[in-house]
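In listed order, ligands and their atoms are each counted from 1. Treat the numbers as computed from the prediction; the structure is a model and nothing was measured. Hydrogens, waters and symmetry mates play no part in the numbers below; they use all other heavy atoms, side chains included.
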Amino acid sequence: MEQIVLTGFMGAGKSTVGKILAKKLALPFVDIDTEIQSEHQISITEIFANLGEPAFRKLEHQMLTRALLQDAIISTGGGIILANDNRLKLEAADFVVYLKTSPDTFLSRLKGDTTRPLIQEKSKDEIIAIFEARTRLYESAAGLIVETDNLTPEEIADQIKQDFQTRKEQL
Ligand code: S3P
């Protein structure tokens, strides 16, 4: 399949890079969170507040399963790697890329954010602790890790495209 799944912590730039990459490879772009929100006509914040995180995770799993049926660039939410059944789906996916950002980078991007329930009213240290608890999962699910701190979204997309095409040629 022609499929690239972007993973990484909140603020890693998955959606920005995903849109650029989709254009470069002429593939559809699918953002799991956006799909959930438009299908259910409800924001992520409202899902967490009204239905709870487990309900969100269920919708996220359903949407990931559906997204993986097509050729596409797929941008995932930062918590996708938490569930074992999602990790199994990612193992079977064509190509999984972890956009690795340092705490300095994601904290500055997430400053003032009101759209991500998990970080509301959390201190910097608490947010870093969420990230650190996930690092191993992001890394082990990935076929490619891109350190994004000193790269532009365009450069990140180019790097992923090149790696993806090289792998295809070697198959
Ligand atoms: C989450 C990340 C968010 C969104 C939800 C939960 C997480 O997506 O799925 O708020 O658990 O890290 P982004 O990574 O796109 O911010």
Just jot down the ligand 1 atoms closer than 4.0 angstrom to any heavy atom of [X], in number order.
X	result
P117	10 (O)
G77	8 (O), 9 (O), 14 (O)
I44	5 (C), 10 (O)

| task | Quick one: sort the F9 and F131 rings into parallel, tilted or perpendicular, breaks at 30° and 60°. | result |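 It falls in the perpendicular class, over 60°.
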
| What's the verdict on side chain to side chain donor-acceptor pair (under 3.5 Å) for E169 and T166, showing C-alpha distance, side-chain angles and the deciding distance? | CA-CA 5 Å; E169 282 160 20; T166 307; 5.1 Å; no

| field | The one among I47, I32, D33 that brings a heavy atom closest to atom 4 (C) of ligand 1 | value |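 Among I47, I32, D33, the closest heavy atom to atom 4 (C) of ligand 1 comes from D33.
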
| task | Using a 4.0 Å heavy-atom cut-off, say whether L118 meets ligand 1 through its side chain, its backbone, both or neither. | result | side chain

| task | Classify the contact between E53 and ligand 1 as side chain, backbone, both or neither, using a heavy-atom distance cut-off of under 4.0 Å. | result |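 Neither part.
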
Which residue holds the protein heavy atom closest to [atom], what is that atom called, and what is the gap in Å?
atom	answer
atom 14 (O) of ligand 1	K14 NZ, 2.5 Å
atom 2 (C) of ligand 1	G78 N, 3.3 Å
atom 7 (C) of ligand 1	G79 N, 3.3 Å
atom 12 (O) of ligand 1	R134 NH1, 2.7 Å

| message | If we count only N and O atoms by modelled type, under 3.5 Å, do the side chains of Q37 and T34 hold a donor and an acceptor together? | response | no

| Check against side chain to side chain donor-acceptor pair (under 3.5 Å), D104 and S102 | CA-CA 5 Å; D104 278 350; S102 68; 5.3 Å; no

Check [Y] with [X], please: is the shortest side-chain N to carboxylate O separation under 4.0 Å?
X	Y	value
K100	E139	yes
K161	D158	no
E53	K58	no

| field | D94 and its salt bridge (Lys or Arg N to Asp or Glu O under 4.0 Å) partner, picked from R167, K89, K168 | value |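 Exactly one pass, corresponding to K168.
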
| field | R57 touching ligand 1 at heavy-atom level, < 4.0 angstrom | value |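 Heavy atoms of R57 do come under 4.0 Å of ligand 1.
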
| query | Under 3.5 Å between some N or O of ligand 1 and some N or O of R116? | reply | yes

